[in-house]
Amino acid sequence: MKNLYAVIRRPIITEKGNIQKEEHHKVTFEVHPDANKHEIKAAVEKIFKVRVLSVRSFNQRGKMKRVGRFLGKRRNWKKAIVTLAPEDQIEFFEGV
C-alpha cells in the first residue's frame, strides 16, 4: 500500500479498548485487509505523530446474523492493536 491514509480505516472505540488505552497505552484500529504491520506502524506514526512500540494485527471473521427467517453474514475485516510509547497518547474526543 502506498497511501498511508488508506491503511487506517477507523478507530474502534469500546469499553475494553478504553481500558487498554488508559492502562496499557494500546489503541485499536480497523485497518485495510492488505496492510501489514510495517505499513500500520508507519501510518499511525505519521497521522497521529506518536511513537509506536509494537503492532498486533489479525483478521476478524464476520459473524452470521439472522433477520427473520433469512441468514446473512457480516463482512470480514482486519483489526490492529497498536502499543504506544508511555509518554504518547491519542485522543479521539478532545474536550468531551
Side-chain angles (χ1 to χ4, degrees):
M1 303 211 68
K2 298 289 183 191
N3 186 3
L4 295 179
Y5 288 95
V7 172
I8 296 180
R9 292 194 169 167
R10 66 182 178 102
I12 298 173
I13 301 170
T14 60
E15 188 173 350
K16 181 180 177 181
N18 286 335
I19 292 170
Q20 283 185 335
K21 183 174 155 186
E22 292 170 3
E23 294 179 1
H24 304 292
H25 305 287
K26 294 183 180 183
V27 184
T28 307
F29 295 100
E30 178 184 346
V31 296
H32 193 277
D34 296 334
N36 59 31
K37 291 183 179 187
H38 300 290
E39 293 169 343
I40 296 168
K41 179 179 179 179
V44 171
E45 286 179 343
K46 180 177 180 179
I47 293 170
F48 298 106
K49 296 175 180 53
V50 293
R51 192 165 48 111
V52 174
L53 300 180
S54 69
V55 176
R56 294 173 40 206
S57 64
F58 51 93
N59 291 314
Q60 194 78 20
R61 295 186 60 177
K63 295 180 179 179
M64 295 296 292
K65 288 294 176 179
R66 184 182 166 133
V67 178
R69 63 182 180 139
F70 300 104
L71 283 176
K73 183 179 174 291
R74 290 187 179 172
R75 64 182 179 85
N76 298 332
W77 54 288
K78 191 168 191 174
K79 186 179 197 178
I81 299 174
V82 178
T83 304
L84 303 176
E87 62 272 3
D88 294 331
Q89 75 179 46
I90 297 173
E91 289 298 326
F92 296 115
F93 303 109
E94 289 93 17
V96 175

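What you see is a predicted model; the values in this text were computed from it and never measured. Sequential numbering from 1 along the given sequence is applied to the chain's residues.
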Would you give me the side-chain donor-acceptor pairs under 3.5 Å for residues 4-23, sequence neighbours excluded?
residue, atom, partner, partner atom, Å
R10, NE, E30, OE1, 2.6
R10, NH2, E30, OE1, 3.4
T14, OG1, G17, N, 3.1
N18, ND2, T14, O, 3.3
K21, NZ, I90, O, 3.0

**Study point:** Between CD on residue Q89 and CD on residue E91, distance to nearest 0.5 Å
**Key:** 4.5 Å
Point to revise | OG1 on T28 to NZ on K79, rounded to 0.5 Å | key: 6.0 Å
Point to revise | Residues forming a side-chain contact (heavy atoms from CB on, under 4.5 Å) with N59, sequence neighbours excluded | key: K78
Which atom pairs, one a donor and one an acceptor, fall under 3.5 Å between side chains of residues 45-57 and the rest of the protein, sequence neighbours left out?
residue, atom, partner, partner atom, Å
E45, OE2, V52, N, 3.2
R51, NH2, E87, OE2, 2.6
S54, OG, T83, OG1, 3.2

Review point. Remaining members of I81's ILVMFWY cluster at a side-chain heavy-atom cut-off under 4.5 Å?
Key: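 Hydrophobic cluster check, I81: joined to F58.
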Review point. Do the side chain of R61 and the main chain of K63 share a donor and acceptor less than 3.5 angstrom apart?
Key: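 Not confirmed, R61 side chain does not pair with K63 backbone.
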